[in-house]
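Report on one structure; see the data block that follows.
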Protein chains: 2
Amino acid sequence: MSRTTPNRNTSKPDAPAQPPRAAERIRASARELFYREGIRAVGVDEIVNRAGVTKPSLYRAFPSKDDLAAAYLFDYDREFWPRFEKPGGKSPPDARTHVLAYIRELANRAVKDGYRGCGLSNAAVEYPGHTHPARLVAETHKKALRQRLRELATEMGARDPRMLGDGLMLLIEGVYVTGQQSASGPAQSALAAATALIDACVAKPTRKR
Amino acid sequence: MSRTTPNRNTSKPDAPAQPPRAAERIRASARELFYREGIRAVGVDEIVNRAGVTKPSLYRAFPSKDDLAAAYLFDYDREFWPRFEKPGGKSPPDARTHVLAYIRELANRAVKDGYRGCGLSNAAVEYPGHTHPARLVAETHKKALRQRLRELATEMGARDPRMLGDGLMLLIEGVYVTGQQSASGPAQSALAAATALIDACVAKPTRKR
DNA sequence: TGACAATGTTACCGATCGGTACGTATGGTC
DNA sequence: GACCATACGTACCGATCGGTAACATTGTCA
């Protein structure tokens, strides 16, 4: 064998389908359970049972449950950005289309049964203390999202980009939280509201209508 | 001593036996702890310790911690409506002023340090299962708030009252949740965004400008 | 084959969880 | 003073929590 990395190589065909590493299985299991039930509601036993591994494996890969929660949110953040930057898998042609396409997709998900909102926002609700490792990930993410929305508002030509960016963020977070309160909630109006807000905030002469 | 009721009676000396004082102390203690730390994060021991009572007193007044949580949210709902209907203690002259006054007050609270959002929304995040007694209170409340906002949107003369009501609800919930993520967050733009949204959604001829 | 790293197995820890059996103090009534 | 209901406390329960120690097993590579 010429390869230097001894294991978990997915490209080499001669490997007999290396079973997923315990750490990855735990990450996936935690991801699903934490998101669906909430972090505090899920015990480490449930996580390892679902993952088909044992508790020592968890604590060999993660120093504590809190750190596992932080890793879960780190993964969540990583998976979020493609959803946001390429809603529907396509790169939107302009900022306005971009934001509205994301909100359209988001609203569609949010009105379905069993929707559980944003894992990062939910974690911030579960852990009010500003020192918890999971919360730190959430706060960093939200700061980045806010910044990105302000950028997009600037691209749209908003008179007050900060105001429009923040307004869109409020709407989006509103969808996250109301979507999990009840199906067919206010989220169904998110697209229309965002459209109205944007059109009210960008200089009129440049906008059609 | 001539007084017949020896304790906890401030006004009438011989009034019919006041309800147990322990239950009220527990309600107040739970109210504060549940709101600040979250429901799952607070144990019953902490509640009774803070209340200066003992655990059996809690379970004599409430069947379970879940029911105490529901009672907490019931109180929260009761305290909410005056804040909403009379923002700043005044009855607003019209629907537009009404909603904007509430959002102004809300946003002021939300940008301060230690803000913890809406106890009812937070509870819905903590308890995803639609059977938990606390969640039922939260869902009922949110349904009522949505209905009320739609009424106000109708009063404003919105072209699509459901859309405007929902849009305002999304903004408000957005303030709740982002306010507890970080101070000086998007909540500071809530009033401007709500104003823009309203003015974009009501028939132009009737609105000043 | 032998070394090594990763994982599984089993059993356990102290702390805390929500919840309860049971005794005690107090005050009003006759 | 006998009696009773109300209100509260002491002490405890079994279950579960997050986390760990010690050792066996496996698969991979040199």
Side-chain angles (χ1 to χ4, degrees), chain A residues 1-10 12 14-27 29-30 33-34 37-72 126-127 132-134, chain B residues 1-9 12-27 29-30 33-34 37-72 126-127 132-134:
Chain A
M1 307 302 182
S2 61
R3 64 188 160 127
T4 52
T5 53
N7 56 6
R8 74 166 160 291
N9 199 326
T10 56
K12 276 289 190 164
D14 63 312
Q18 176 106 3
R21 309 280 312 259
E24 295 308 315
R25 295 182 58 84
I26 290 167
R27 271 184 118 101
S29 169
L33 289 172
F34 280 161
E37 315 277 348
I39 298 174
R40 296 196 115 112
V42 174
V44 290
D45 292 280
E46 195 179 350
I47 293 172
V48 297
N49 285 343
R50 181 179 192 86
V53 302
T54 55
K55 217 167 3 167
S57 288
L58 193 162
Y59 285 97
R60 275 187 282 257
F62 303 93
S64 69
K65 182 194 175 185
D66 289 348
D67 290 279
L68 175 59
Y72 147 61
E126 286 198 89
Y127 295 96
H132 195 283
Chain B
M1 307 298 191
S2 62
R3 61 184 168 135
T4 52
T5 53
N7 56 1
R8 75 172 166 289
N9 202 327
K12 280 280 208 134
D14 52 61
Q18 205 97 332
R21 95 174 196 281
E24 294 308 314
R25 296 182 56 85
I26 290 167
R27 270 184 119 98
S29 169
L33 288 172
F34 280 160
E37 314 277 347
I39 298 174
R40 296 197 115 113
V42 174
V44 290
D45 293 279
E46 194 178 351
I47 294 172
V48 297
N49 285 342
R50 181 179 192 87
V53 301
T54 56
K55 226 179 333 180
S57 289
L58 193 161
Y59 285 96
R60 272 185 287 263
F62 305 92
S64 69
K65 182 195 174 183
D66 289 347
D67 290 279
L68 174 60
Y72 146 61
E126 285 199 88
Y127 295 97
H132 195 284

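The sequence lines fix the lettering, A, B, ..., with proteins before strands; numbering per chain opens at 1.
Note: A:Leu33 CG to A:Glu46 CD = 5.0 Å, rounded to the nearest 0.5 Å.
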Checklist entry - Can you list the steps and then say if B:Ile47 with B:Ile26 is a side-chain contact (heavy atoms from CB on, under 4.5 Å)? => result CA-CA 7 Å; B:Ile47 294 172; B:Ile26 290 167; 4.2 Å; yes
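Counting all heavy atoms, side chain and backbone alike, B:Arg50 lies closest to B:Ser29 at CB-OG, 3.4 Å.
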Hey, can you pull the donor-acceptor pairs under 3.5 Å for the side chains in residues 62-69 of chain A, sequence neighbours left out?
{"from": "A:Ser64", "atom 1": "OG", "to": "A:Asp66", "atom 2": "N", "distance (Å)": "3.4"}
{"from": "A:Ser64", "atom 1": "OG", "to": "A:Asp67", "atom 2": "N", "distance (Å)": "3.2"}
{"from": "A:Ser64", "atom 1": "OG", "to": "A:Asp67", "atom 2": "OD2", "distance (Å)": "2.6"}
{"from": "A:Lys65", "atom 1": "NZ", "to": "A:Ile39", "atom 2": "O", "distance (Å)": "3.1"}
{"from": "A:Lys65", "atom 1": "NZ", "to": "A:Val42", "atom 2": "O", "distance (Å)": "2.9"}
{"from": "A:Asp66", "atom 1": "OD1", "to": "A:His132", "atom 2": "NE2", "distance (Å)": "3.0"}

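In this structure B:Lys55 satisfies the salt bridge (Lys or Arg N to Asp or Glu O under 4.0 Å) test together with B:Asp45, sequence neighbours excluded.
As rounded to whole Å, 16 Å separates atom P of D:dT10 from atom CG of B:Leu58. As a whole-Å value, the separation of B:Ile26 CD1 from D:dA7 C1' is 11 Å.
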Checklist entry - With the sugar-phosphate defined as primed atoms, P, OP1 and OP2, and the base as all remaining atoms, what B/S/- string results for nucleotides 16-22 of chain D, 5' to 3', for protein heavy atoms under 4.0 Å? => result --BBBB-
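Of the candidate nucleotides D:dG9, D:dC8, C:dT7, C:dT7 has the atom nearest to the side chain of A:Ser57. Which of D:dC8, C:dT9, C:dT7 sits closest to the side chain of B:Thr54 comes down to D:dC8.
No donor-acceptor pair closer than 3.5 Å links the side chain of A:Arg40 to the backbone N or O of B:Glu126.
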